[in-house]
Amino acid sequence: QGELEGIRGRAEKQVRAGLLLEAISSVEKIQVTDADIEAEIKRMIEATQMPEGELRDYYAKNPDRLENMRFRLKEERTVAFLMEKAKISG
């Protein structure tokens with residue numbers, strides 16, 4: 001039961017963090033454009049050496065994966081925005 005509680009606790013933290021990042025991205029109007037998606041696909045092609053047509057076909061056949069990419073890029077941008085705005089004291 002302790003392991004299940006640990007998993008539940010981590011899941012709750014992830015959901016809270018996701019909701020917080022979504023709220024911040026909405027307020028700050030952080031968006032991911034089609035050009036951003038295109039740039040990420042090109043980066044992935046270079047990094048994986050996968051044939052371009054194969055990767056594009058994959059995303060064309062799996063629109064949910066494309067939305068996952070868009071979501072991930074938006075979260076990354078939001079975290080980068082927060083890091084840029086953060087004041088570090090020490």
Side-chain angles (χ1 to χ4, degrees):
Q1 192 175 19
E3 185 177 336
L4 182 59
E5 289 176 16
I7 292 170
R8 181 178 290 131
R10 285 191 301 275
E12 287 176 1
K13 286 179 185 177
Q14 288 176 338
V15 169
R16 284 188 187 118
L19 291 173
L20 183 59
L21 289 173
E22 183 61 34
I24 292 167
S25 68
S26 179
V27 168
E28 297 298 331
K29 296 178 178 40
I30 297 170
Q31 297 178 359
V32 174
T33 66
D34 290 342
D36 298 324
I37 294 292
E38 182 65 23
E40 178 66 4
I41 288 174
K42 287 181 179 180
R43 187 199 64 74
M44 291 172 69
I45 289 167
E46 274 189 30
T48 63
Q49 299 297 306
M50 182 181 279
E52 182 173 349
E54 191 176 320
L55 188 63
R56 290 185 186 282
D57 284 348
Y58 172 79
Y59 282 109
K61 292 176 183 173
N62 298 283
D64 57 319
R65 297 293 183 185
L66 190 60
E67 282 308 306
N68 287 346
M69 180 193 299
R70 188 177 297 276
F71 178 80
R72 178 179 53 79
L73 291 173
K74 190 174 187 178
E75 277 196 340
E76 288 173 3
R77 279 197 173 168
T78 305
V79 169
F81 168 81
L82 292 172
M83 295 300 289
E84 183 179 302
K85 298 294 180 185
K87 291 185 179 180
I88 300 173
S89 61

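Partners of R72 according to the salt bridge (Lys or Arg N to Asp or Glu O under 4.0 Å) rule, which considers only residues two or more places apart in sequence or in another chain, are E40, E76. Among residues two or more places apart in sequence or in another chain, the side-chain hydrogen bond (donor to acceptor under 3.5 Å, both in side chains) test is passed with D34 by R70. Scored by the side-chain hydrogen bond (donor to acceptor under 3.5 Å, both in side chains) test, R56 finds E38, E52 as partners (sequence neighbours excluded). Applying the side-chain contact (heavy atoms from CB on, under 4.5 Å) criterion to E84, with sequence neighbours excluded, gives no partner residue. With sequence neighbours left out, the side-chain hydrogen bond (donor to acceptor under 3.5 Å, both in side chains) criterion links D36 to T33, R77.
Between the CG atom of L55 and the CD atom of Q49 there is a distance of 12.0 Å, given to the nearest 0.5 Å. The distance from the CG atom of L66 to the CE atom of M69 is 6.0 Å, given to the nearest 0.5 Å. Annotation: the span from R43 atom CZ to T48 atom OG1 amounts to 9.0 Å, rounded to 0.5 Å.
In the hydrophobic cluster analysis, where Ile, Leu, Val, Met, Phe, Trp and Tyr join through side-chain heavy atoms closer than 4.5 angstrom, V32 is grouped apart from F81. Put simply, L73 and F71 are part of two different groups of oily side chains (I, L, V, M, F, W, Y) that touch within less than 4.5 Å, one to the next.
Listed by first and then second residue, the side-chain hydrogen bond (donor to acceptor under 3.5 Å, both in side chains) pairs that reach into residues 58-68 are Y58-R65, sequence neighbours excluded. Within the structure, no pair that satisfies the side-chain hydrogen bond (donor to acceptor under 3.5 Å, both in side chains) test touches residues 5-20, not counting sequence neighbours.
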Please output the side-chain donor-acceptor pairs of residues 18-30 that fall under 3.5 Å, not counting sequence neighbours, one pair per line with the distance.
{"from": "E22", "atom 1": "OE2", "to": "K74", "atom 2": "NZ", "distance (Å)": "3.4"}
{"from": "S25", "atom 1": "OG", "to": "L21", "atom 2": "O", "distance (Å)": "3.3"}
{"from": "S25", "atom 1": "OG", "to": "E22", "atom 2": "O", "distance (Å)": "2.9"}

